[in-house]
Amino acid sequence: MSWIKENTSNILQLCAMKIIKNGPIPRHVAFIMDGNRRYADKKRFNSLKGHTDGFNKLAHTLQWCLDLGIKEVTVYAFSIENFKRSHDEVNGLLKLAEEKFTNLLDERDKLMEHGIKICVIGNFTLIPDKLSKIMRQSTIITKDNKQALLNIAFAYTSRDEITQTIKSLSSLVNVNQICIKNIDEKLFSNNLYTYQSSNPDLLIRTSGEVRFSDFLLWQISDSYIHFTKSLWPEYTVWDFLKAIFFYQRYCDINNADTISTTKL
Ligand code: FPP
Ligand code: MG
């Protein structure tokens with residue numbers, strides 16, 4: 001199963017995308033893909049089938065993002081908290097990731113054709129060796145691609161990312177490579193796992209949960225947040241376009257505010 005699903009939009013969807021493209025398009029969209037197990041329960045599937053269908057939805061969503069010209073996408077694929085789930089579910093998710101990252105290496109031509117750079121953000125010390133090796137390979141072969149960036153957050157939490165950043169800056173202070181007085185927001189951001197990314201313009205969370213679950217807490221201080229009730233595997237292009245539409249309306253209101261403030 002491919003990471004990018006081409007030519008799946010119908011005429012109506014293509015028209016809607018064309019209209020949306022007349023407005024501001026976020027440079028960077030982040031997704032909390034939530035609701036896989038509730039979807040599986042509803043359909044009487046096991047949880048792994050819910051996650052597999054969730055992966056397929058991710059592949060569609062990446063194509064919608066490419067179609068709209070979104071340059072950066074960050075997805076929350078596996079939180080450090082997810083290690084606390086049942087042994088079977090954790091193993092199933094790790095196996096699924098291994099399979100999908102192997103597929104990704106197999107379809108490297110497609111990634112090169114679209115110029116997609118893959119970046120895995122997270123604590124690699126928590127990821128099993130075989131999987132972390134395949135992940136590193138995907139980042140190495142795509143490192144020079146410049147058209148789009150896909151960050152996959154795996155074994156990630158924001159608090160862990162911030163803790164690791166504090167540790168790495170402290171060790172630089174210890175060996176006199178930097179002075180404490182040089183530590184500022186810019187240096188801190190440049191030492192986060194997301195150092196290659198801009199901050200998300202739009203964060204979308206599915207499944208009706210209204211919280212951030214320790215995802216990109218440093219990076220989303222100024223992002224527009226969109227929550228939707230759809231469960232991730234049931235997320236549709238219309239849900240996605242609605243989020244972009246709300247983002248555009250927010251940009252319009254904000255610009256209007258800026259103009260009126262400037263006038264005052
Ligand atoms: C949240 O739904 C989803 C996850 C914990 C896993 C997300 C993973 C994928 C969509 C597959 C992506 C895989 C790769 C290799 C990138 P949940 O399990 O919390 O569902 P619930 O909220 O209904 O319990
Ligand atoms: Mg959940």
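Residue numbers start at 1 and run along the sequence shown. Read the numbers this way: they start at 1 and go in the same order the structure lists the ligands and their atoms. Hydrogens, waters and symmetry mates are skipped; everything else that's a heavy atom, side chains included, is used.
Considering backbone and side-chain atoms together, Asn82 places no N or O closer than 3.5 Å to any N or O of ligand 1. Of the N or O atoms in Trp3, none lie within a sub-3.5 Å distance of an N or O in ligand 1. In terms of polar-atom proximity, defined here as any N/O pair under 3.5 Å, Glu89 makes no such contact with ligand 1. The shortest N or O to N or O distance between Tyr76 and ligand 1 is not below 3.5 Å.
Close contacts of ligand 1 with Ala77, meaning ligand atoms under 4.0 Å from a residue heavy atom, involve 6 (C), 7 (C), 8 (C), 16 (C). Ligand 1 places these atoms under 4.0 Å from at least one heavy atom of His51: 4 (C), 6 (C), 11 (C), 18 (O).
At least one heavy atom of Gly35 sits closer than 4.0 Å to an atom of ligand 1. At least one heavy atom of Arg85 lies less than 4.0 angstrom from ligand 1.
Using modelled atom types, one finds a donor on one side chain and an acceptor on the other under 3.5 Å when comparing Ser197 with Asn151. With hydrogens and angles left out, the side-chain atoms of Asn82 and Ser79 include no donor and acceptor closer than 3.5 Å.
In terms of protein heavy-atom proximity, atom 3 (C) of ligand 1 is nearest to Met33 O, 3.2 Å. Looking only at heavy atoms of the protein, atom 15 (C) of ligand 1 is closest to Ala97 CA, 3.7 Å. What sits closest to atom 24 (O) of ligand 1 on the protein, heavy atoms only, is Arg37 NE, 2.9 Å.
Ordered by chain and number, Asp34 OD1 make up the set of protein N, O or S atoms under 2.8 Å of the Mg ion (ligand 2).
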**OP:** Take Ile25 and Ile70 through the side chain to side chain contact (heavy atoms under 4.5 Å, CB included) test and state the conclusion after the steps.
**Re:** CA-CA 7 Å; Ile25 297 296; Ile70 291 164; 3.7 Å; yes
Subject >> Worked verdict on Glu99 versus Asn103 for side chain to side chain donor-acceptor pair (under 3.5 Å) >> reply: CA-CA 6 Å; Glu99 179 196 324; Asn103 291 354; 4.5 Å; no
**OP:** With side chain to side chain donor-acceptor pair (under 3.5 Å) as the test, would you mind laying out the steps for Gln248 and Asp252 before giving the verdict?
**Re:** CA-CA 6 Å; Gln248 294 184 332; Asp252 276 352; over 6 Å; no
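Ring centroid separation for the pair Phe55 and Trp232 does not come in under the 6.0 Å cut-off.
Formation of a donor-acceptor pair under 3.5 Å by the Glu161 side chain with backbone atoms of Tyr193 is found in this model. When atom types are taken as modelled, the side chain of Arg37 and the backbone of Gly50 share no donor-acceptor pair closer than 3.5 angstrom. A distance-only check finds a donor-acceptor pair linking the side chain of Thr142 to the backbone of Ile118 [under 3.5 Å]. In this structure a side-chain-to-backbone donor-acceptor pair under 3.5 Å is missing from Ser213 to Phe215.
Under the rule for a side chain to side chain donor-acceptor pair (under 3.5 Å), Gln13 has no partner lying at least two apart in sequence or in another chain.
The option from Phe31, Phe78, Phe55 that lies nearest to atom 13 (C) of ligand 1, judged by heavy atoms, is Phe55.
The hydrophobic cluster containing Val29 also contains Met17, counting ILVMFWY residues as joined when their side-chain heavy atoms lie under 4.5 angstrom apart, directly or transitively.
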